[in-house]
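Each chain gets a letter, A, B and so on, in the order its sequence line appears, and its residues count up from 1.
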2 protein chains.
Amino acid sequence: MSQPISIKDIARKFKCAPSTISRALNDHPAINIETRKTIQEYATRIGYQKNTISLSLLNKQSKTLGVILPTMAHFHESSMVEGMEKILQPAGYLLNICVTNESHALERAYMDRLVANRVDAICISLSQETYDKNRNDHIDHAISRALPLIFMDRFYHAQNLDQVITDDYQGAFLATEHLIQMGCRRIAHLHGPKGITVSQQRFKGYLDCLQKYQLPFYPELLAHVSFSADSAVEATMSLMDHQPDGIFGVNDEVCFGAMKVIREKNIRIPEEIALVGFDDIPLAQFAYPPLSSVSRQSRKIGEETALLFLAKIDGQQENKQISLEPQLIIRESSKKRII
Amino acid sequence: MSQPISIKDIARKFKCAPSTISRALNDHPAINIETRKTIQEYATRIGYQKNTISLSLLNKQSKTLGVILPTMAHFHESSMVEGMEKILQPAGYLLNICVTNESHALERAYMDRLVANRVDAICISLSQETYDKNRNDHIDHAISRALPLIFMDRFYHAQNLDQVITDDYQGAFLATEHLIQMGCRRIAHLHGPKGITVSQQRFKGYLDCLQKYQLPFYPELLAHVSFSADSAVEATMSLMDHQPDGIFGVNDEVCFGAMKVIREKNIRIPEEIALVGFDDIPLAQFAYPPLSSVSRQSRKIGEETALLFLAKIDGQQENKQISLEPQLIIRESSKKRII
DNA sequence: AAAAATCATGCAAACGTTTGCATTCGTTTG
DNA sequence: CAAACGAATGCAAACGTTTGCATGATTTTT
């Protein structure tokens with residue numbers, strides 16, 4: 001494997017100092033304009049490519065961001081990444097993307113690696129295990145080394161840190177309220193994985209909304225699922241024994257699972273059971289019937305995170321908490337009456 | 001922002017040479033066992049983290065892979081990434097993920113940046129524009145600098161390069177054959193974006209299968225879509241004028257779009273029109289009716305790509321072309337008769 | 001007691017690039 | 001003619017780590 005060409009190689013060719021080559025390539029006015037041209041031409045011709053590693057070492061910045069995500073399988077996460085790239089590519093940043101698979105150990109390992117790699121910041125969506133075990137040493141560690149750390153998507157309890165999240169509580173409240181307004185009185189909830197803040201917040205929004213409208217909360221109308229459609233099948237079956245007239249799902253995928261079960265039981269949607277999901281994935285409107293959902297502007301979370309980072313390295317001192325407003329998108333799956 | 005602690009800082013503390021610290025931290029037997037322990041303890045206590053950048057510079061390897069993708073929005077791509085991570089994380093590699101949005105210019109820019117960053121290899125899924133414009137200089141350039149380059153998912157015409165792809169042709173053939181065996185005689189095809197090899201291969205598989213079974217190809221039963229469900233709506237409407245009795249979609253999303261149109265026209269699936277998609281996304285089985293699809297083992301593409309890379313840096317010389325066998329998953333959407 | 005072996009540590013170069021401060025010219029100015 | 005100036009280039013240090021070789025100190029062997 002041939003070594004890449006370095007500035008020193010070029011210097012040897014021109015019988016001059018590496019500093020001259022460096023300046024010539026950077027169009028430094030101190031270098032004779034003719035010399036500059038000649039060197040630049042030669043460099044492009046032989047395909048010289050600057051070694052950014054040495055630059056990172058020198059300037060103590062890698063122009064790279066670490067991104068730690070629990071998973072990438074859902075539309076939500078990949079949209080966030082796309083949003084980040086959209087802002088950060090023009091700014092010259094690369095992304096180191098790490099998928100923890102909700103494992104605390106992996107999250108830790110990746111965190112260490114990113115720190116060792118001297119990324120300019122870490123954007124993290126905490127893993128479920130980190131919540132469960134409540135082990136935050138790696139987080140505190142990162143904070144203590146003054147490495148910009150931005151919590152993305154999933155809330156971290158500590159006050160006053162940089163966070164970009166959606167108001168899940170508000171979104172869940174909107175969804176539940178809508179079902180109530182459509183006439184539902186026995187609203188079931190497909191509850192996300194325990195311990196995950198996202199699940200808890202959505203459950204809380206659902207609960208508080210029931211209370212506001214003085215509807216009782218029936219524990220038998222609660223079923224736990226993971227975030228997959230698959231997991232919703234069994235959960236929904238168990239719900240069916242208790243005659244719900246509406247279902248609020250922790251995300252759209254589980255609603256797809258629920259709808260399948262409901263259809264197979266020949267129960268009509270939305271007449272007998274209305275449904276609202278969360279995330280507004282692109283396929284939501286192609287469900288049968290089209291699925292109402294709460295959009296949380298996944299792409300925008302990524303964009304805002306990127307912008308927050310840029311502001312931060314631009315000298316902005318105070319930490320910022322950005323909460324994006326969710327939007328209720330109403331489709332057939334919840335239209336029990338004309339609105 | 002406090003500077004991270006370096007080996008030199010520790011050396012100063014212990015009034016010894018940096019080399020001693022380095023060896024101590026790496027558990028080098030030449031260093032007194034007691035000294036080693038003391039230094040290691042001190043290092044962990046003050047939170048020393050090795051600077052991998054300097055190591056990369058020294059060892060001429062960054063332990064990082066560049067991954068260039070046209071998009072991340074689909075299950076297929078994020079699964080590939082997850083597959084890569086699964087293999088590469090234990091091997092100590094990080095991923096630099098770049099989304100080109102199918103733009104040639106961005107692909108070029110990212111390529112340069114990754115080369116400048118001295119990634120150990122680049123895994124690329126070519127952008128549509130690169131195919132369209134047939135501009136491969138950046139590719140040839142990378143190849144000429146002996147940087148391991150692995151084509152992932154999308155085929156590159158040059159022979160004898162490293163490639164990990166699915167046999168799209170074969171998958172399309174299987175899907176079409178299945179529709180024929182189910183009794184379809186007027187099979188429409190929702191053709192993917194022009195110029196993309198994936199689209200072309202699937203179209204070719206469809207065509208050749210029709211021919212094998214001596215069925216005529218009706219140009220009016222061809223409609224072009226992007227990869228989104230949305231784009232399939234209009235396309236399917238236009239098809240409906242020509243009474244297809246089966247549809248083979250370039251991916252699952254477009255089939256969701258098609259199914260919505262068909263349902264709204266009160267045409268029965270699969271009795272009047274049978275459908276088969278491609279990718280076998282997790283929601284396919286939750287379509288109404290459950291969608292038959294060709295699985296292309298997205299995750300496995302990522303895993304194989306990672307393994308190919310590992311073999312490569314392990315000294316394997318010859319290039320390898322890996323083609324993964326697609327699998328037809330039969331569900332309700334195509335079951336016109338009992339099988 | 002001298003030679004040899006063992007142990008622990010230090011020196012310095014290397015990786016590729018940038019940059020403040022010389023240095024070496026040749027030219028202009030008083 | 002000397003002093004000052006300007007242009008073009010070179011020197012060397014710096015970033016953080018590793019590693020072959022040398023050095024010095026102690027112990028073992030003959």
Reading nucleotides 20-28 of chain C from 5' to 3' and marking B where a protein heavy atom lies under 4.0 Å of the base, S where only the sugar-phosphate is that close, and - otherwise, the string is B--------
Show every donor-acceptor pair shorter than 3.5 Å between a side-chain atom in residues 86-95 of chain A and any protein atom, with sequence neighbours excluded, or say none if there are none.
from  : atom 1 : to     : atom 2 : distance (Å)
A/K86 : NZ     : A/E303 : OE2    : 3.3

Check each residue of residues 109-118 of chain A for a non-hydrogen atom within less than 4.0 Å of any atom in DNA chain C, then write out the ones that pass by number, or none.
none
At a heavy-atom distance below 4.0 Å, what parts of residues 53-64 of chain A sit against DNA chain C?
A/S54, A/L55, A/L58
How about A/K63: does its NZ atom have over 12 heavy atoms from other parts shown lying under 6.0 Å from it?
yes
Please list residues of residues 27-49 of chain A whose heavy atoms come under 4.0 Å from any atom in DNA chain D, ordered by number; otherwise none.
A/A30, A/I31, A/N32, A/T35
What parts of residues 5-16 of chain B reach DNA chain D, counting only heavy atoms under 4.0 Å away?
B/S6, B/I7, B/K8
Of all the heavy-atom pairs spanning [X] and [Y], show the shortest one and how long it is.
| X | Y | answer |
| --- | --- | --- |
| A/S62 | A/V119 | OG-CA, 3.4 Å |
| B/V99 | B/T71 | CG1-CA, 3.7 Å |
| A/L126 | A/E102 | O-OE1, 4.4 Å |
| A/L149 | A/I124 | CD1-CG2, 4.2 Å |

Check whether any side-chain nitrogen or oxygen of B/S22 sits under 4.0 Å from OP1 or OP2 of D/dT17, and answer yes or no.
no
Does A/E107 reach the side chain of A/T130, with side-chain heavy atoms less than 4.5 Å apart?
yes
Would a 4.5 Å heavy-atom cut-off, applied to side chains only, mark A/H74 and A/S298 as touching?
no
Measure [atom1]/[X] against [atom2]/[N] and give the value in whole Å, please.
| X | N | atom1 | atom2 | value |
| --- | --- | --- | --- | --- |
| A/N51 | C/dG16 | CG | P | 7 Å |
| B/N26 | D/dT17 | CG | P | 10 Å |
| B/I21 | C/dG10 | CD1 | P | 8 Å |

Within the side chain of [X], is there an N or O that forms a donor-acceptor pair under 3.5 Å with the backbone of [Y]?
| X | Y | value |
| --- | --- | --- |
| A/T166 | A/L324 | no |
| A/N26 | A/S22 | yes |
| A/T35 | A/I31 | no |
| A/T20 | A/C16 | no |
| A/E129 | A/S103 | no |

